[in-house]
Amino acid sequence: GVYVLAGTFDSDGSTFSNNVAESGDGGGVYLEDIADTEVVDIAWSSISDNTSYNGGGGITVQNRADVVLDNTSISGNSRFAGGGLIHRAGSLEMDDAVFRGNYAFIAGGLYAYDDADGHDDYVFSCTSSGSARADAGFLENDASVIGAAYFDFGDDVYVDVDGCDFGSFWDGDGNTD
């Protein structure tokens, strides 16, 4: 996959697939210490079938990075925590993206946490105009603890979910835990 330390990262129309991080995090994409003024924009990309040893089978974001996922698919990734994505501090905006079929012991789709005092915003919008994706949201993610998304924070966190499909546990097409 891709490993970025203390830099910037954007992806447009890229595929990160079948990568393995054998001794760490972020099988597909690992981002750490992104510049405070930078926003990581991952658009029209696919992050699939990646594995990591610890967290974020698909993507790991460490140390206050602000991330925008736009029309991006995160699917079939696996690891201990945050099979699709593990996000530590900063903000995360999802616009018509899908987390599908990811697996982890904790939080199959998304595991977001902050161990520092700071303000974090999580905005999930799956109904923007002109969307090319009908399946935006968190679907068919599996975990022993929390299937779709898990947020572990102290105070001062804003989570907004608008029109996202979280599946249905009862019809077999949802998120299981």
Side-chain angles (χ1 to χ4, degrees), residues 1-5 9 11 15-34 40-42 45-70 72-95 97-116 118 120-124 126 136-154 157-161 164-167 169 174-177:
V2 173
Y3 184 97
V4 178
L5 178 62
F9 179 80
S11 170
T15 298
F16 304 92
S17 184
N18 296 306
N19 298 291
V20 177
E22 292 181 359
S23 62
D25 298 324
V29 177
Y30 180 89
L31 308 171
E32 184 172 349
D33 293 330
I34 301 298
V40 174
D41 187 14
I42 301 174
S45 294
S46 173
I47 297 146
S48 64
D49 303 314
N50 299 290
T51 302
S52 68
Y53 179 75
N54 288 326
I59 305 172
T60 293
V61 180
Q62 294 284 359
N63 300 341
R64 305 217 61 80
D66 296 329
V67 178
V68 176
L69 299 174
D70 182 17
T72 291
S73 173
I74 299 173
S75 63
N77 302 290
S78 62
R79 203 49 264 153
F80 176 76
L85 182 140
I86 191 164
H87 187 267
R88 179 177 172 241
S91 67
L92 176 64
E93 180 179 336
M94 182 176 112
D95 186 18
V98 63
F99 287 75
R100 180 185 292 274
N102 298 290
Y103 174 78
F105 178 74
I106 301 170
L110 166 67
Y111 180 22
Y113 71 100
D114 187 354
D115 58 5
D120 300 299
D121 293 328
Y122 290 85
V123 179
F124 304 108
C126 300
F138 294 84
L139 303 166
E140 302 167 4
N141 296 288
D142 190 15
S144 297
V145 181
I146 312 297
Y150 178 67
F151 300 89
D152 182 8
F153 299 105
V157 175
Y158 173 77
V159 178
D160 181 16
V161 178
C164 294
D165 187 349
F166 279 82
F169 177 77
N175 297 286
T176 60
D177 57 9

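Positions are given from 1, in the same order as the sequence printed here.
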Using side-chain contact (heavy atoms from CB on, under 4.5 Å) as the criterion, point out the one residue from L92, D41, V98 that pairs with L69.
L92
Mind checking the [atom1]-[atom2] spacing from [X] to [Y]? Nearest 0.5 Å is all I need.
X: I74; Y: L85; atom1: CD1; atom2: CG; value: 5.5 Å
X: Y111; Y: F80; atom1: OH; atom2: CZ; value: 8.5 Å
X: D49; Y: T51; atom1: CG; atom2: OG1; value: 8.0 Å
X: S48; Y: N18; atom1: OG; atom2: CG; value: 6.5 Å

Compare every heavy atom of [Y] with every heavy atom of [X], then report the nearest pair and how far apart it is.
X: G82; Y: A104; answer: N-CB, 3.8 Å
X: I106; Y: A143; answer: C-CB, 4.3 Å
X: N77; Y: I47; answer: ND2-O, 3.0 Å

Does S11 have any side-chain contact (heavy atoms from CB on, under 4.5 Å) partners at least two apart in sequence or in another chain, and if so, which?
F9, S14, F16, I42, S45
So, using side-chain contact (heavy atoms from CB on, under 4.5 Å) as the criterion, who are the partners of Y30 when residues are at least two apart?
Y3, D25, E32, T60, Q62
Strictly distance-based, threshold 3.5 Å: is any side-chain N or O of N141 a donor or acceptor partner for the main-chain N or O of F99?
yes
If we only count heavy atoms from C-beta on, is the S144 to Y103 side-chain gap below 4.5 Å?
yes
